[in-house]
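I have placed the structure first, in the form of structure tokens, so that the comments after it can refer back to it.
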Number of protein chains: 2
Amino acid sequence: MTELAELPGYLIRRLQQLAVSMFVTTMGEAGFDLTPVQFAAMTVIGQEPGIDQATLASRIAYDRATIGGVIARLCQKGYVARAIKPENRRARVLSLTTSGEQVLAQVTPMVMSVQTEILGDLTDSESAQFLDLLRKLVAGR
Amino acid sequence: MTELAELPGYLIRRLQQLAVSMFVTTMGEAGFDLTPVQFAAMTVIGQEPGIDQATLASRIAYDRATIGGVIARLCQKGYVARAIKPENRRARVLSLTTSGEQVLAQVTPMVMSVQTEILGDLTDSESAQFLDLLRKLVAGR
DNA sequence: GCTTCACGATATGTATACATATCATACGAC
DNA sequence: GTCGTATGATATGTATACATATCGTGAAGC
């Protein structure tokens, strides 16, 4: 008999579910309407202003098709500006608006505390161990 | 500066992404068209024939609204049968068809090998450790 | 200079994931 | 026995996630 709850794949999905739910709840309680993906996109755009959509997608391991919608929603919220790149009119360069920069600054500390919350049931040494193994599993793949 | 790739939430999402992709690829190569959720649903239905949709959803930590579509697709493939429960005409009881049972039997060993593949980069002791911590993080939440 | 090919993005279709609204049915209260 | 409430399911809307097709644009080859 297959004990679903013992399978790594099942447990990983559950943890991802919990992490997203904590993220969205925390944001919502603070009055922000941001998903994990939107936060990741804004963080990278803040670090590399002028990045194009395809490069952004690869930075955060997303599909190029998906990122379009994410960016569209961030533009609609007024957090991200999109402009056609002069040297390569096929590409669109992205940057944070002033409002986007402010929101990102406010939200980043909350995201950090959510990270602690996700690992809340572990001791410090267990957390470090878990992160090590996570990094090893994701590295390069 | 926020190093996205160091955040637990980000690493968990990436691992989930990898796990799903390995699952779907393995199934596809073997000629089966099954997602992880569909496999989970079929496994539980096989274990508890006659289960209703809401109970099934809670067993695999899914939304009741989502499970409807999952079941609909499994019915369309001919793997699951859905019937109105006589004692409670609001509910629908689920069971595997003969074809569904056969597919589940064929697919289960492959799913087990995918689990090993997901943890492929870890030693046996690291895998056990990782599973322990995963269980601890998910337990009860 | 024109064609072909590559590349960036959008469009479309399938499958989760979840909140909320709605609908049908069942059940308890009176 | 009718009413209000609880329950099981579907419908709708938003947001990923990804494959594939398509379109616009740029670049290389001739």
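Just so it is clear, the structure is predicted and the values come from calculations on it, not from any experiment.
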For nucleotides 1-7 of chain D, give me every protein contact, N/O to N/O, under 3.5 Å, one pair per line with atom names.
{"residue": "dT7(D)", "atom": "O4'", "partner": "R90(B)", "partner atom": "NH1", "Å": "3.4"}
{"residue": "dT7(D)", "atom": "O2", "partner": "R90(B)", "partner atom": "NH1", "Å": "3.0"}

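The distance from atom CG of D63(B) to atom P of dG13(D) is 17 Å, rounded to the nearest whole Å. Rounded to a whole Å, the CD atom of E87(B) is 13 Å from the C1' atom of dA26(C). Residue L74(B) contributes atom CG, which lies 10 Å from atom P of dA15(C) at whole-angstrom precision. Atom C1' of nucleotide dG26(D) and atom CG of D52(A) are separated by 14 Å, given to the nearest angstrom. In this entry the distance linking CD1 of I67(B) with P of dA15(C) reads 14 Å, nearest Å. Going from atom CG of L56(B) over to atom C1' of dG8(D) covers 13 Å, rounded to whole Å. If you take CG of L94(A) and C1' of dG8(C), they are 12 Å apart, rounded to a whole angstrom. The interatomic distance linking Q16(B) (CD) with dT16(C) (P) rounds to 12 Å, in whole Å.
Each of R82(A) and R13(A) has a nearest nucleotide on DNA chain C; the 5'-most of these lies closest to R82(A). In terms of position along DNA chain C, the nucleotide closest to Q53(A) lies nearer the 5' end than the nucleotide closest to the other residue of the pair A61(B) and Q53(A). Toward the 5' end of DNA chain D, the nearer of the two residues K85(A) and T55(B), judged by each one's closest nucleotide, is T55(B).
Nearest to the side chain of T66(B), among dT16(C), dT10(D), dA15(D), sits dT16(C).
At a threshold of 4.0 angstrom between heavy atoms, the contacts of A91(A) are confined to the sugar-phosphate backbone, with no base atom among them. Among the protein residues, V20(A) comes within range of no part of the nucleic acid, since none of its heavy atoms lies under 4.0 Å from any strand. Contacts of V24(A) with the nucleic acid, taken as non-hydrogen atoms under 4.0 Å apart, are absent. In this structure, A54(A) reaches the sugar-phosphate backbone alone: every heavy-atom distance under 4.0 Å involves primed, P, OP1 or OP2 atoms, never a base.
Q47(B) meets the side chain to side chain contact (heavy atoms under 4.5 Å, CB included) test with M1(A), T2(A), T43(B); sequence neighbours excluded. Evaluation of the salt bridge (charged side-chain N to carboxylate O under 4.0 Å, His left out) rule for K85(B) yields no partner, not counting sequence neighbours. In this structure, Y79(B) has no ring pair (Phe, Tyr, Trp, His ring centres under 6.0 Å) partners at least two apart in sequence or on a different chain. Take R59(B) and apply the salt bridge (charged side-chain N to carboxylate O under 4.0 Å, His left out) test, not counting sequence neighbours, and it matches E48(B). Judged as a salt bridge (charged side-chain N to carboxylate O under 4.0 Å, His left out), and not counting sequence neighbours, the contacts of D33(B) are K77(B). Residues satisfying the salt bridge (charged side-chain N to carboxylate O under 4.0 Å, His left out) criterion with R135(A), sequence neighbours excluded, are D132(A), E6(B). In this structure Y10(B) satisfies the ring pair (Phe, Tyr, Trp, His ring centres under 6.0 Å) test with no other residue, sequence neighbours excluded.
Under the 3.5 Å distance criterion, with hydrogens and angles disregarded, a donor-acceptor pair is assigned to the side chains of R14(A) and Q17(A). Side chains of D124(A) and S127(A): a donor-acceptor N/O pair is absent below 3.5 angstrom, by distance only.
Ring pair F23(B)/F39(B) is tilted by interplanar angle, where 30° to 60° counts as tilted.
Across residues 25-51 of chain A, T35(A), V37(A), Q38(A) each have a non-hydrogen atom less than 4.0 Å from an atom of DNA chain D (numbered order).
Of the side-chain N and O atoms in Q17(B), none sit less than 4.0 angstrom from OP1 or OP2 of dT16(D).
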